[in-house]
Amino acid sequence: MGYDCPMARWILHVDMDAFFASVEQLDRPELRGRPVIVGGLGPRGVVSTASYEARAFGVHSAMPTAKARKLCPHGAFLAPRFARYEEAAAATRAILSAFSPVVEPLSLDEAFVDLTGTERLHGPVERTAQEIHRRIRTETGLPCSVGLAPNKLLAKLASEAAKPGGVHIVHEEDVDGFLSPMPVRRLWGVGPQTARKLAERGVHTVSDLRGVDASLLHSWFGPTAGAQLWRMARGLDESPVHSVRDAKSISQEVTYPEDLYREEDIARELRQLAMAVATRLAAEALLATTVRIKIRWADFTTRTRQVRLPEPTDHPVLIADEAVALLRRGEVQAEVGVRLLGVGLAGLIAATFRPEHLFVPSQLGAALHQVRTRHGAQSLSLGFPGEGHPRREVGILDPDAKDGVNGEMDDRSRGRGGRGGVGQRDRAVRLPDPDHGVPSGQGLVLLPARG
DNA sequence: TCTGGGGTCCTAGGACCC
DNA sequence: TCTGGGGTCCTAGGACCC
């Protein structure tokens, strides 16, 4: 074991073929052999995944669904069913875990597996790659491609070379021949901008890239990206397979079917998003220290604003208030229209221990979570006092209430048979008079489901 | 045919402190 | 009174990935 001779690794990359579309074809046999397009079906939707049959018509992911419909009018256009895809992804991960403890999911449909040192248990890695491929096919019923190589960079490129439905193995001695003719665009991290800059300088293939001095790459792309390009051109990549990676941020955003113009509407939608993302935060037992909003105007210019909080929180009201404060911090150019809104949380820490003064907010979050758990995620939406929805109010959560949960139904709701179901008898606490305003940040208006 | 939603990582500039 | 750098934190934006 010399210092200059690190142990050779074997990294496997699995990539499910046309994942969402394949799951739909698996579940609905009548779709097999037909073009299937999974994506947003609204006026501003884009394609998530196109089956290979649909790709033959020129349909591909990230394409506006409207265009896909023109190219492939007889295709089956389906909205994504993420819960189902998550289930299929879990089944795949379980198979991978049978071969190595070191599995790194990259997304629902991709994962790295470190097979280094598994030979004694599972035999030669080449055979293991074939076996993994076979088991995923037969046990999930879904097609996939598998790449096996000495590092992550090459493994990912290998699975791409294996598509569709194959296994491709790159041995150390094959690296040059495998890599050299590839367009630089295929390298991880080389997107349209970097590829354009390289092309302008006469660099098109990995072989071309290898001919460029490290110092030149440094001057073109900076130290980090420059060094990364230099190493990738040679097939070098020491990055480990991470089996556990903590989330750095969570966010939720929506592109509206029609642009928003009224600041009141924009603020209301932001609060909805803040509530949703705060609920996810609490479900993950995390606290956030940074709140971020994102606004995409109708002309597609996109702005983000963020603020660092004095202390970590998962309080939906606090987060919503910060989001709206960020909105109002700049001018709201109403004439342009807002196409997309987003709320993001970062600076995440585990909520294992929290200072005493954070208990009340967390109880509020827990209360909301509890109501939604009991009555369904769609059973309640959230509004704030004085924002123009008095007829639909069914109760007010009072964050200062000792019990956390509270909100006996008001008379109107009770009179209608208590359809809101907010105030569970055993947890009911006095409800403030709904006609009394509650200062922003001090109360929430619970709204029964629409319709 | 106007262009989703979930993320990660990097850079650059200003504030602030030593 | 005028002059440094270095380090860190924060914010905004952009490139990229699936």
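In what follows, chains are A, B, ... by sequence order, proteins preceding strands, each numbered from 1.
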| said: Less than 4.0 angstrom from a charged side-chain N to a carboxylate O is my criterion; do A:Arg196 and A:Glu200 meet it? | reply: yes
More than 12 heavy atoms of other groups within 6.0 Å of A:Glu258 CD: no
Scoring nucleotides 11-18 of chain C by protein non-hydrogen atoms under 4.0 Å (B base, S sugar-phosphate only, - none) yields BSS-SSSS
Should the ring pair A:His13 and A:Phe112 be called parallel, tilted or perpendicular, given that the plane angle runs from 0 to 90° and is split at 30 and 60? tilted
From NZ of A:Lys197 across to P of B:dC10 the rounded distance in Å is 16 Å
- prompt: Do we see A:Phe300 stacking on the base of B:dC2, given a limit of 5.5 Å between centres and 30° between planes?
  reply: no
- Item | Main-chain N/O of A:Trp10 paired to A:Thr116 side chain as donor or acceptor, under 3.5 Å | yes
What interatomic distance, in whole Å, is found between C1' of B:dG4 and the corresponding atom of C:dC16? 16 Å
Rounded to whole Å, the CG-P distance (A:Leu340 to B:dT3) equals 12 Å
* With a 4.0 Å cut-off on heavy atoms, is A:Arg44 in touch with a base, just the backbone sugar-phosphate, or nothing at all? -> sugar-phosphate
Is it the case that over 12 heavy atoms from other parts of the model lie below 6.0 angstrom from the CG atom of A:Asp299?
yes
Taken to the nearest whole Å, CD/A:Glu269 to P/B:dG5 is 12 Å
DNA chain C in dot-bracket form (Watson-Crick or G-U pairs under 3.5 Å, [ ] crossing, | inter-strand) is ....||||||||||||||
| request: Kindly say whether A:Ala88 contributes a backbone atom to a donor-acceptor pair with the side chain of A:Thr92 at under 3.5 angstrom? | output: yes
CG of A:Leu198 to CG of A:Leu209, rounded to nearest 0.5 Å, is 6.0 Å
A:Phe20 atom CZ is separated from B:dG5 atom C1', nearest whole Å, by 10 Å
**Prompt:** Taking side chain as C-beta onward, heavy atoms only, is A:Leu327 less than 4.5 Å from A:Ile295?
**Reply:** yes
Assert: residue with more 5' nearest nucleotide on DNA chain B, out of A:Arg292 and A:Ala298, is A:Ala298
When rounded to whole Å, the CZ to C1' distance for the pair A:Arg339 and B:dG5 reads 13 Å
- Message: Any salt bridge linking A:Arg9 with A:Asp237? Criterion: basic side-chain nitrogen under 4.0 Å from a carboxylate oxygen.
- Response: no
### Query
Ion pair present between A:Asp208 and A:Arg201, side-chain N to carboxylate O less than 4.0 angstrom?
no
Can you establish whether the number of heavy atoms outside A:Glu172 located under 6.0 Å from its atom CD is more than 12?
no
* Asked: Looking across every strand, which nucleic acid part, if any, lies under 4.0 Å from A:Pro43 by heavy atom: base, sugar-phosphate, or nothing?
  -> sugar-phosphate
Whole-Å distance, A:His60 NE2 to B:dC2 P, equals 15 Å
Ordered by number, residues from residues 218-252 of chain A within less than 4.0 Å of DNA chain B (heavy atoms) are A:Thr224, A:Arg245, A:Ala247, A:Lys248, A:Ser249, A:Ile250, A:Ser251, A:Gln252
